[in-house]
Number of protein chains: 2
Amino acid sequence: MNMPVAQTRSAKARRTALETASRLFYHQGAHAVGMEAIVAESGIAKTTIYRHFPTKDDLIAAFLEEENRDFWSQWDAAVAQGRTPEGELASLCRWIGDKVDTEGYRGCPQINMAAEFADRQHPARIVARRHKKEMLERLVEICRRCNASTPEIAAHQIALLFDGAFSSDGRLEGLQAGSVLADAVTRLVEP
Amino acid sequence: MNMPVAQTRSAKARRTALETASRLFYHQGAHAVGMEAIVAESGIAKTTIYRHFPTKDDLIAAFLEEENRDFWSQWDAAVAQGRTPEGELASLCRWIGDKVDTEGYRGCPQINMAAEFADRQHPARIVARRHKKEMLERLVEICRRCNASTPEIAAHQIALLFDGAFSSDGRLEGLQAGSVLADAVTRLVEP
DNA sequence: GCCTAACGATACCGATCGGTATCGTTAGGA
DNA sequence: TCCTAACGATACCGATCGGTATCGTTAGGC
C-alpha cells in the first residue's frame with residue numbers, strides 16, 4: 001500500500017474522538033460541552049483531536065454529517081420493509097415512533113443544533129438544511145407513488161408531522177407515537 | 001400607597017433588562033449571549049439585572065415565561081376570530097403560518113431552549129414542558145367540540161404539526177405555510 | 001427638602017472557554 | 001531494524017464566562 005503511515009491508528013483516533021464528541025454534543029448540547037470534556041471522556045489527546053478537526057465547529061459539523069448518514073441508512077431500512085408506497089410511509093412512522101420513544105432520546109440532532117447556532121452560515125446549519133431538504137424530497141417521491149392528489153403538499157405536511165415528532169419535548173403521552181403518526185399520514189395522503 | 005419606594009423606576013429597569021435579554025436569547029441562543037452583552041445592549045447595570053434575576057438561568061426562565069404569556073394572548077386572539085371550532089383551528093393555522101413566515105423568525109423559543117438545556121429540571125425546561133402541555137390540552141378541547149372521532153389523537157396530531165411548523169428550520173417552501181397547515185388540520189379532524 | 005431604596009459604574013473574582021506550542025513516546029511500513 | 005508520522009501529555013495562551021463587592025449617584029414618597 002502507498003497509503004500514509006499509521007493510517008489505521010490515525011483513523012481509529014479520529015473515529016473515537018468523533019464518536020465521543022457526538023455522544024456528548026447530543027446529550028448535553030454543543031455549547032455545554034467543552035473540548036476538555038471530550039478529551040477526558042474519549043482518552044484522545046486534545047492535540048490529536050485538533051489535528052483531525054481544525055475547530056470545534058468542524059467537529060460539530062462532522063457530528064451532524066455522521067448523524068445524517070446514520071439517519072438515511074435507517075430510513076432506507078424502514079422503507080425497504082414496505083411493499084407499497086403507503087406501506088413505506090407506515091413503516092417510517094413505526095420507525096420514528098420507536099425512535100422518539102427510546103430512553104435518552106433528546107430530539108433531532110439537526111434541529112437541536114439549528115436551535116443552538118443562530119448563524120445560518122454555520123457549518124452545522126448548512127448540514128441541517130441539506131438534511132431537511134432531502135427528507136422533503138424523499139417524501140415527495142413517496143407521495144407521488146401514493147397517487148396523492150397534491151404530493152408536494154402532502155409531503156410537506158408529513159415533513160411537519162415528522163419534525164414535530166422529532167422535536168416534541170414532552171413525551172407526556174400515553175399514546176403510541178408510531179400509530180398516531182401512521183393514522184395522521186394515512187389521512188394526509190388520501191385523495 | 002405603601003408600595004416600596006421607586007416602584008416604577010425599579011419595574012422599568014427590570015422590564016428593559018428582560019426585554020433586551022429576551023431579544024438576544026431568542027435571536028442568538030441563550031448560551032451564545034453573555035451577561036455583559038445584555039448590559040451593553042440594554043443600558044441596565046449588571047448589578048441591577050442580578051438584583052432582579054438572581055442567576056442567568058432565572059433570566060432565561062423569565063424570558064420563556066413572558067414568551068408563554070404572549071403566545072397564549074395571541075392564540076386567544078386567533079381563536080376569537082373563529083365562529084366554529086373548525087374555524088378556530090383554521091384561524092390558528094393562519095396565525096402560525098404568518099408567524100413562521102415572519103422575517104427573523106427562528107423557531108419556537110420553548111423548543112429552542114429545550115434543545116439548549118439538557119437538564120430536564122432546568123427552570124427553562126419546566127416552563128417549556130408546561131407550555132407544550134397546555135397547547136395539547138387546548139387542542140383537545142377544540143377537537144372535542146369539532147366532534148372528532150378521537151379528539152385526543154387528533155389533538156396530538158395537530159400538536160405535532162404545529163411543533164413541526166414551529167421548529168422547521170428550512171423555510172425553503174414556495175408554499176403558504178398557513179394553508180398547508182389548514183388543509184392538514186381539516187383532514188385530521190374529519191371523522 | 002430630606003431620607004432611603006434602587007439605580008449605574010467599575011473593578012474584580014476564580015473558572016472555563018477554544019486553541020496552540022513543545023516535546024517525549026509509540027506504532028507500523030520499508 | 002530503523003525511520004518517521006502520528007500519537008499522548010503538559011503547560012500555557014488571551015478571552016470570556018457567570019457572578020460579586022464597593023461605592024458614588026439619582027429619583028420619588030413623606
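Residue numbering restarts at 1 for every chain, and letters A, B, ... go by the order of the sequence lines.
- Nucleotide C:dG8 holds its P atom 8 Å from the CZ atom of B:Arg51, rounded to whole Å.
- At least one donor-acceptor pair under 3.5 Å links the side chain of A:Thr20 to the backbone N or O of A:Thr16.
- To the nearest angstrom, P of C:dG18 lies 8 Å from CD1 of A:Ile38.
- Between A:Ile60 atom CD1 and C:dC17 atom P there is a gap of 13 Å when expressed in whole angstrom units.
- In terms of heavy-atom proximity, A:Ala165 sits nearest to A:Leu181 at CB-CD1, 4.1 Å.
- Listed nucleotides C:dA9, D:dG18, C:dG18 differ in distance to B:Met35; the shortest reach to its side chain belongs to D:dG18.
- Among the protein residues, A:Val39 comes within range of no part of the nucleic acid, since none of its heavy atoms lies under 4.0 Å from any strand.
- The residue among A:Asp57 and B:Arg14 whose nearest nucleotide of DNA chain C is located toward the 5' end is B:Arg14.
- The base of D:dG19 has none of its N or O atoms less than 3.5 Å from a complementary donor or acceptor on the side chain of B:Lys56.
- Checked against C:dG19, C:dC7, D:dG8, the side chain of B:Ala13 finds its nearest nucleotide in C:dC7.
- One distance of note links CD of B:Glu88 with SG of B:Cys146; it measures 7.5 Å at 0.5 Å rounding.
- Atom CZ of A:Arg138 is separated from atom NZ of A:Lys133 by 13.0 Å, given to the nearest 0.5 angstrom.
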Annotated structure of DNA chain D as dot-bracket, pair cut-off 3.5 Å, Watson-Crick or G-U only, | for inter-strand, is ||||||||||||||||||||||||||||||

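- Taking every heavy atom of both residues into account, B:Met113 and B:Ala30 meet most closely at SD-CB, 3.8 Å.
- DNA chain D is contacted by both A:Ile49 and A:Glu36; A:Ile49 maps to the nucleotide lying nearer its 5′ end (nearest heavy atom per residue).
- Looking at heavy-atom distances under 4.0 Å, A:Thr47 makes contact with a base.
- Partner of A:His131 under the ring-ring contact (aromatic ring centres under 6.0 Å, His included) criterion, chosen from A:Phe71, A:Phe166, A:Phe162, A:Trp75: A:Phe71.
- Going from atom OH of B:Tyr50 over to atom P of C:dA11 covers 19 Å, rounded to whole Å.
- Rounded to an integer number of Å, the gap from NE2 of A:His52 to C1' of D:dA5 is 11 Å.
- In plain terms, the two heavy atoms of B:Ala128 and B:Gln110 that are nearest each other are CA-OE1, 3.3 Å.
- Within the 4.0 Å cut-off from OP1 or OP2 of D:dG8, at least one side-chain nitrogen or oxygen of A:Thr48 is found.
- Distances from the side chain of B:Ile44 to the nucleotides D:dG8, C:dG8, D:dT20 place C:dG8 closest.
- Residue B:Lys46 places a side-chain atom within donor-acceptor reach of the base of D:dG19, judged by atom type and a 3.5 Å distance cut-off alone.
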